[in-house]
Amino acid sequence: MQTTSIHGMWSSRLAFILAATGSAVGLGNIWRFPYVTSDNGGGAFVLIYLACILLVGLPIMWTEIVIGRRGRMSPINSIRELADDAGASRKWMGLGIIGVLAGFLILSFYSVVAGWTLHYGFLYLKELFGGTPITDPEATFTGLLASPGELTFWHGLFMLMTMGVVAFGVEKGLERAVSILMPMLFVLLLVLLGYGMNTGYFTDAASFLFRPDWSQVSGGMIVTAMGQAFFTLSLGMCAIMTYGAYLPSGVNIPKVGITVAATDTVVALIAGLAIFPIVISFGLDPEGGGAGLIFTSLPLAFAEMPFGIIYGFLFFTLLSIAAWTSGISLMEPATAYIVESTNLSRKAAALCVAAVAWIMGLASVFSFNLWAEVSIGGRDVMSAIEYVANDIMLPVGGLLTALFGGWILSSRITREELDKKMPTWAFNAWLWITRIVTPALILVVLAGLFGII
Ligand code: TRP
């Protein structure tokens, strides 16, 4: 069995943690978590989301890293190899294929939203040099969405930035970006949290976020909570599996998995605790904020804070960078697969993936203007793409990942990869959670989704 990957390797355990955290922490934490929480009524949603992280997310995160490191290739090929070794059907490659497809869908709308953040960073930069201030955030946001040209430009810029890093290999650019800029984003979130605490509405926000109103629970809400758990941890589409393929042997997988999942969760909760006091203090409804939530609420705070323009600039710029390190992990699996399976260079492969994802992203761009009237099952085009990819494809991918890791890989292999020195009871706990508990929970949620129960 190969012990290094042809695509390169992370230089250390820390490099992997930074890269995987860079993948996990992104728009999912700061844009999506607050808005889906807002749309799903708060506390009960948050608690179900946390349960999904623990019982579904973490076991799958471990399993993805195990499969990736054992296979040392892009997901589709790693799975083929491991299935062959185990004497199992090559149909398991379907897991890798679903992953690559979900990756394209997610990257397509992710890049559009990352484009919004780039645009906002630029607006504050202009304001610093005397440009017009954002006085009516609602109008600014609606104005941006109404302009396909503007949206397409920023979406394209983000896609180019992502392609740039992937084309040059993930080691250099990525490790450096993540190790300096992510801590800066975290500090800025803490500043916003401090501001939120001083608004006088901190306890209202905390109770919105953590006091469950169980009457709000519905099948649809549980599906969204699980979809959000997969999305925020970058699971279910073999992205973490791909990063696992570049993880040096000997690094303890359970520990790095916990570090990444815990960091991601803390960032989401802090983002929530920073944003909701602002929302409430400006008299906005914490419920039903929709995808524009941070773009229509935070500028109100930046307009009032001392040095608010600088904070606004830094906040949206750093958020763009967090999105960038996530976008890279959305592009890497398909790119690595093309490099392995064709004689295209990494640069050409990254260009192909970026071009296809950029074109697909136009559907999300148009969903706010030219196609504003189009509705797919009651959702606008972008929400429909988000729904199919996050709420259906990621859980299906996660289900197959858990089944493959739990039942197809031999426990000799998984134990060796996880931690040779692990006590037997701990290994067995992982094994049976991955074999039974996690798949059963996903199945129940999916069955609810399709109206079977
Ligand atoms: N987790 C990232 C975020 O929260 C998004 C992301 C990156 C992702 N890679 C992924 C989501 C793979 C699902 C699968 O912003």
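Counting starts at 1 for both ligands and their atoms, in listed order. Computed from a predicted model, the values in this text were never measured in an experiment.
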When you compare ligand 1 with Gly28, is there at least one nitrogen or oxygen pair between them that comes in under 3.5 angstrom? yes
For Leu330, take its heavy atoms, then give the atoms of ligand 1 lying under 4.0 Å from any of them. 7 (C), 8 (C), 9 (N), 10 (C), 12 (C)
Compute whether any side-chain donor of one residue and acceptor of the other, for Ser329 and Ser234, lie under 3.5 angstrom apart. no
Nearest to atom 2 (C) of ligand 1, what protein heavy atom do you find, and at what distance? Ser23 O, 3.1 Å
Arg346 to Phe168 six-membered ring, cation-pi geometry met (6.0 Å, 45°): no
To the nearest 0.1 Å, how far is atom 9 (N) of ligand 1 from its closest protein heavy atom, and which atom is that? Ser329 OG, 2.9 Å
Tyr110 near ligand 1 by a heavy-atom separation under 4.0 Å: yes
Do Arg80's NZ or CZ and the ring of Trp92 fall within the cation-pi criteria of under 6.0 Å and 45°? no
Give the residue, atom name and distance (to 0.1 Å) of the protein heavy atom nearest atom 13 (C) of ligand 1. Ser234 CA, 3.7 Å
Using a 3.5 Å cut-off on N or O atoms only, is Ala24 in polar contact with ligand 1? yes
Among Glu417, Arg69, Arg72, which residue meets the side-chain hydrogen bond (donor to acceptor under 3.5 Å, both in side chains) test with Ser249? Arg72
Over 60° means perpendicular and under 30° means parallel, so tell me whether Trp371 and Phe366 are parallel, tilted or perpendicular. perpendicular
Looking only at protein heavy atoms, what sits closest to atom 14 (C) of ligand 1 is Met237 CG, 3.1 Å
Are any non-hydrogen side-chain atoms of Leu344 and Val339 less than 4.5 angstrom apart? no
Can you classify the ring geometry of Trp116 versus Trp31 as parallel (below 30°), tilted (30 to 60°) or perpendicular (above 60°)? perpendicular
Is it the case that the ring center of Phe302 lies less than 6.0 angstrom away from the ring center of Tyr311? no
Any nitrogen or oxygen of Leu27 lying under 3.5 Å from a nitrogen or oxygen in ligand 1? Just yes or no. yes
For the 3.5 Å polar cut-off, considering only N or O atoms, please tell me whether Phe231 and ligand 1 meet it. yes
Counting heavy atoms under 4.0 Å, the part of Ser326 that contacts ligand 1 is both
For the 3.5 Å polar cut-off, considering only N or O atoms, please tell me whether Thr232 and ligand 1 meet it. yes
